[in-house]
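Residue indices begin at 1 and follow the sequence shown. If you're wondering where the values come from, they're calculated on a predicted model, not measured in any experiment. Just so it is clear, the values below take in all heavy atoms, side chains as well, and ignore hydrogens, waters and symmetry mates.
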Amino acid sequence: QVQLVQGGGGAAQAGGSVRLSCVVSGYRASKNCISWLRQTPGQERRGVAGVFSGGEYTYYTPSVRGRFNIVQDNAKNTFYLDISGLKPEDTGTYYCAADDWRAAPCRHRDISGDFTYWGQGIQVTIAS
């Protein structure tokens with residue numbers, strides 16, 4: 001059974017940094033994909049970053065490129081999302097999501113896709 005357990009997050013100041021974690025069990029990252037999505041009140045959940053094909057391909061949306069970084073630690077079965085240069089608009093609930101490499105989100109490298117496995121979500125609040 002695949003499980004994703006998230007950690008990190010919380011409150012931070014603009015300009016600072018945070019690290020979010022996503023511990024994955026029952027899942028092989030070598031071929032599969034992980035996405036990080038963000039949801040804000042009244043908005044749909046949208047992907048901000050993803051890693052595909054076991055880490056061969058990484059994508060960041062233009063709004064976060066250069067500030068968000070996915071780190072994959074295979075020894076710990078953990079994916080991290082490092083966020084630097086925090087902005088108030090980074091505030092939201094962050095989810096990690098995963099799927100089998102044969103599933104549509106992985107095949108199409110769709111960071112906002114309909115993933116099968118989800119973390120519980122974690123709140124990040126950035127004060128200006």
Q: List the steps, then state whether side chain to side chain contact (heavy atoms under 4.5 Å, CB included) holds for Ile34 with Gln72.
A: CA-CA 10 Å; Ile34 294 283; Gln72 182 174 345; over 6 Å; no

Q: Evaluate the criterion side chain to side chain contact (heavy atoms under 4.5 Å, CB included) for residue pair Tyr57 and Arg109; output intermediate values, then yes/no.
A: CA-CA 9 Å; Tyr57 178 79; Arg109 297 176 178 174; 3.4 Å; yes

(Q) Could you walk me through whether Val24 and Tyr117 satisfy the side chain to side chain contact (heavy atoms under 4.5 Å, CB included) test, starting with their C-alpha distance in whole Å, then the side-chain angles of each, then the deciding distance to 0.1 Å, before giving a yes or no? (A) CA-CA 10 Å; Val24 184; Tyr117 309 108; over 6 Å; no

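Atom OG1 in Thr91 sits 7.0 Å away from atom CD in Gln123 (nearest 0.5 Å). Cys96 SG to Leu37 CG: the interatomic distance, rounded to the nearest 0.5 Å, is 9.0 Å. Atom-to-atom distance recorded for Ile70:CD1 and Cys22:SG is 10.0 Å, nearest 0.5 angstrom. Atoms CG and OG1, on Leu86 and Thr125 in that order, are 11.0 Å from each other to the nearest 0.5 Å. Taking OG of Ser35 as the reference point, atom CZ of Phe79 lies at 11.0 Å (rounded to 0.5 Å). Put simply, CD1 on Ile122 and CG on Leu20 are 6.5 Å apart, with the number rounded to the nearest 0.5 Å.
Shown here for Pro88 and Ser128, the closest heavy-atom pair between the two residues is CG-CB, 3.8 Å. Ser84 and Ser17 get closest at one heavy-atom pair: CA-CB, 3.9 Å. Nearest approach of Gln120 to Leu4, heavy atoms of both residues: OE1-O, 3.9 Å.
Val23 and Val124 are assigned to two separate hydrophobic clusters, defined by single-linkage of ILVMFWY side chains at heavy-atom distances under 4.5 Å. One hydrophobic cluster, built from ILVMFWY side chains closer than 4.5 Å, cannot hold both Tyr80 and Val18; they sit in different ones.
Shown are Tyr27, Phe115, Trp118; of these, the side-chain contact (heavy atoms from CB on, under 4.5 Å) with Asp99 is made only by Phe115.
In this structure the side chain of Val71 reaches within 4.5 angstrom of the side chain of Arg19, judged on heavy atoms. Taking the side chain as every heavy atom from C-beta outward, Asp90 and Arg38 approach each other to under 4.5 Å.
Within a 6.0 Å sphere centred on CD of Glu44, heavy atoms belonging to other residues, nucleotides or ligands number 12 at most.
Taking the ring centre of Tyr95 as origin, the terminal cationic atom of Arg45 falls inside the region bounded by 6.0 Å and 45° from the ring axis. Annotation: cation-pi pair Arg107/Phe52 absent, no NZ/CZ under 6.0 Å from the ring centroid and within 45° of its normal.
Between the side chains of Asp73 and Thr78, no donor-acceptor pair is found at a separation under 3.5 Å.
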